[in-house]
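Working notes, beginning with the structure itself.
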Amino acid sequence: MNKPVIICVDDEISILKSLKIELKEAIGDTCLIELAQGGEDALELVEKFLADHYEIPLIIADHLMPDIKGDEFLRRVHLYSPKTLKVLLTGQANLEDIANAIKYANLYRYIAKPWQAEDLQLTVKEAINSYFQEKRLAEQTTQLQQMNQALVESEHKYRSIFENALEGIFQSTSDGHFLGVNPALAQLYGYDSPDELVVAITDIQYQVYVDANRRTEFIASMEQHNAVSGFESQVYRKDGSIIWISETARAVRDATGELLCYQGFIIDITERKQAEILLADYNRILESQVAERTEALQQQKELLQTIVDHIPVMITLYDQNGQIHFVNRELECILGWSSSELEHINLLTECNPDPEQCQQVLNHMLAATGKWLDIKIKTKDDRNVDTSWANIRLSSGMSIGIGQDITERLEAALRERKQAEEASILEERNRMAREIHDTLAQAFTSIIVHLNAASQRIMSDPNAVEVHLNTGRSLARSGLAEARRSVEALRPQLLEDGDLFSALNRIALQLFSHTHTCILCEIIGEAYALPPDVETNLLRIGQEALTNALKYSKASEIRVELVYDRAHCILRVKDDGQGFEVRSVSLGSGFGLIGMTERAERIGAQLTIQSEPGQGAEVVVSVNRE
């Protein structure tokens, strides 16, 4: 705590030193003594010490100073620190200056120069004592005022609490009268006002308590312990209804220990008691449900244990470090280790002796992504088993590993792969057979037709013979080129050189160039591109239909129509030849019909053949655009 400060102000340093010596003799080290040789310097000191929270009980100032007169200086000090006592030292001050200092600066004392040491020391002592006495009186006054205010506020709060408390508050005598109650208690008992309750109830034991013995027990507890807490009872309200209450009260006694009254508070616990009854019923129901649930869980546990023990997959339970804590019987059977043996070995390293594979399996286990990992593991008897594992993390942090012996599955997959390879080989053989039929066989057929025609006219029409031979050569070259392209699985040359319609037109004209058959080729709709495989198969089907017409129909007219609409592309080959009975012709009777059917199936097309004896024949192929 900072020491009080006394400030001495005079323009003569010798006077200031004398003042400091005499003040030291008077007050010792109880106060700091500061010196200033002018009023402005002194005012700066006052501001500094007040800012640093120092007390300045006394200022002694000369009256005549070069920068400011003493009475004016003290007035300015009074503005900063009105409680500081001021002493004016001078031998030349007039009465007006002294009056101004008394009036405006609360001057404590005027001492003429030269001063008497005893008078100065006594004045300083009295001034300091007066300052601190005034301070103590002011503090005591403040404390008394605060205490009085606190008492008023306390009484107001108590009255407010008493009047506005939600709990019932009472004072009662030992013989059963209420001395006073608050509005909450009157309302609790069903009365309109506290006064009505106090007047109406003259015997608490029999008018309030449903069980009169509870009042006797209340008084006995008061006599023994001077207090009760949570004293629960059933009581009557004014209308005769019954509620539950809880009382907390104490005995109030005088200085001699004589009982004056009981006072305390009461709360309505009816809802709580009803809730306790409901809770008790609920607990009984809950206990019954828990018992039933426990039994159900036990059954589920047995069911789960049965499933785990007999399910044909391997199951492991392991922690976050990959340490295995449980395995099922299937794993024991497949790997060969019993549960007791697994407690003494590291199953992970035993099954995966290769360190790199072991780390891979551990990483898969710890990741627990649910994805399957196929891996060959080692059993107790040194067999290698193909397995597949998936891992799932539980909310507890543990994980479950699920494994399958996939040896049979892999063998089945191998068998399926071999069957697929064989089917692929067979399909390729069939493709080559179709291609040979559609290229070489048809080319040979056309060549034979032209050679026969040439033989018949060799003597009669040499020029026609030359035409037939040239056509035969052209067909042979074309057939050979198409055969080579078929072997290499390329698009037909006709489709490479043009579109589907022009290719069909060229085939038709080439096949029937030596005959008197009228060939009509027509495109209906706006042509659009089809997938290469679709165009190739449509071309081959059309070629087969034209070849059959050349060989069997003896038609005078053949119409080739290629129809393009929004949903379908339709190829129609129709002749007016001798026709045939469609029902009497099986697919196996001619490779051409088999080839057309297979090609239609390959592109998802619908093949229709219509014919009657003497009515010609019509081959229609309809393929979806998409």
Side-chain angles (χ1 to χ4, degrees), residues 434-457 461 463-486 491-523 535-562 570-580 585 590-596 599-600 607 609 611 616-621:
R434 287 192 299 271
E435 294 297 328
I436 290 172
H437 173 270
D438 292 341
T439 55
L440 295 179
Q442 292 180 3
F444 289 154
T445 298
S446 299
I447 292 170
I448 290 171
V449 170
H450 283 282
L451 290 176
N452 289 336
S455 298
Q456 294 172 1
R457 297 181 181 182
D461 191 354
N463 292 330
V465 170
E466 183 65 23
V467 170
H468 284 298
L469 291 176
N470 291 336
T471 302
R473 292 189 191 95
S474 176
L475 289 172
R477 294 189 191 97
S478 177
L480 179 60
E482 288 298 326
R484 289 171 176 168
R485 295 181 68 83
S486 296
R491 279 165 58 86
Q493 184 65 44
L494 291 173
L495 289 177
E496 291 289 341
D497 296 338
D499 56 21
L500 177 60
F501 176 74
S502 61
L504 287 168
N505 190 28
R506 288 181 60 185
I507 289 176
L509 294 175
Q510 191 177 45
L511 286 175
F512 292 94
S513 62
H514 66 287
T515 69
H516 299 290
T517 304
C518 179
I519 303 298
L520 301 175
C521 294
E522 183 179 8
I523 184 169
E535 289 190 343
T536 298
N537 284 282
L538 285 177
L539 177 65
R540 293 308 187 196
I541 293 172
Q543 182 180 1
E544 179 64 29
L546 290 169
T547 302
N548 287 338
L550 174 67
K551 292 165 60 177
Y552 307 117
S553 70
K554 299 179 180 180
S556 61
E557 181 180 280
I558 296 177
R559 296 182 64 87
V560 179
E561 293 180 354
L562 194 56
I570 301 171
L571 170 64
R572 181 181 291 109
V573 179
K574 184 176 181 180
D575 66 65
D576 60 356
Q578 62 185 4
F580 60 92
V585 178
F591 188 85
L593 293 180
I594 295 176
M596 285 195 291
R599 286 187 181 280
L607 174 67
I609 300 176
S611 182
E618 182 181 44
V619 177
V620 179
V621 186

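All residue numbers in this chain count up from 1 along the given sequence.
Qualifying salt bridge (Lys or Arg N to Asp or Glu O under 4.0 Å) partners for E557, counting only residues two or more places apart in sequence or in other chains: none. For D576, the side chain to side chain donor-acceptor pair (under 3.5 Å) partners are S556, not counting sequence neighbours. Applying the side-chain contact (heavy atoms from CB on, under 4.5 Å) criterion to A549, with sequence neighbours excluded, gives F512, S553, I558, D575.
The local environment of OH in Y552 is sparse, with at most 12 non-hydrogen atoms from other residues, nucleotides or ligands closer than 6.0 Å.
Side chains of S502 and N505: a donor-acceptor N/O pair is absent below 3.5 angstrom, by distance only.
With rounding to the nearest 0.5 angstrom, the CD atom of E535 is 5.5 Å from the CG atom of L500. Atom CG of L504 and atom CD of Q543 lie 9.0 Å apart (nearest 0.5 Å). The CG atom of D499 lies 6.5 Å from the CD1 atom of I523; values are rounded to the nearest 0.5 Å. Between the CG atom in L520 and the CD atom in E561 there is a gap of 9.5 Å [rounded to 0.5 Å]. Atom CD of residue E544 and atom CD1 of residue I594 lie 10.5 Å apart, to the nearest 0.5 angstrom.
Inter-residue side-chain proximity for R572 and E618 is flagged as met; some heavy-atom pair is nearer than 4.5 Å. Taking the side chain as every heavy atom from C-beta outward, T515 and L550 approach each other to under 4.5 Å. Within the 4.5 Å cutoff, the side chain of N548 has no heavy atoms near those of the V573 side chain.
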Step-by-step side chain to side chain contact (heavy atoms under 4.5 Å, CB included) determination, L539 to I507: CA-CA 9 Å; L539 177 65; I507 289 176; 3.5 Å; yes
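Taking both residues in full, the closest heavy atoms of L571 and L538 are given as CD2-O, 3.4 Å, listed atom of the first, atom of the second, then distance. A pairwise comparison of heavy atoms in N537 and R599 identifies OD1-NH1, 3.0 Å as the closest pair. The minimum heavy-atom distance between I541 and A600, with the atom names listed, is CD1-N, 3.9 Å. The shortest heavy-atom contact between S611 and G579 is OG-CA, 3.4 Å.
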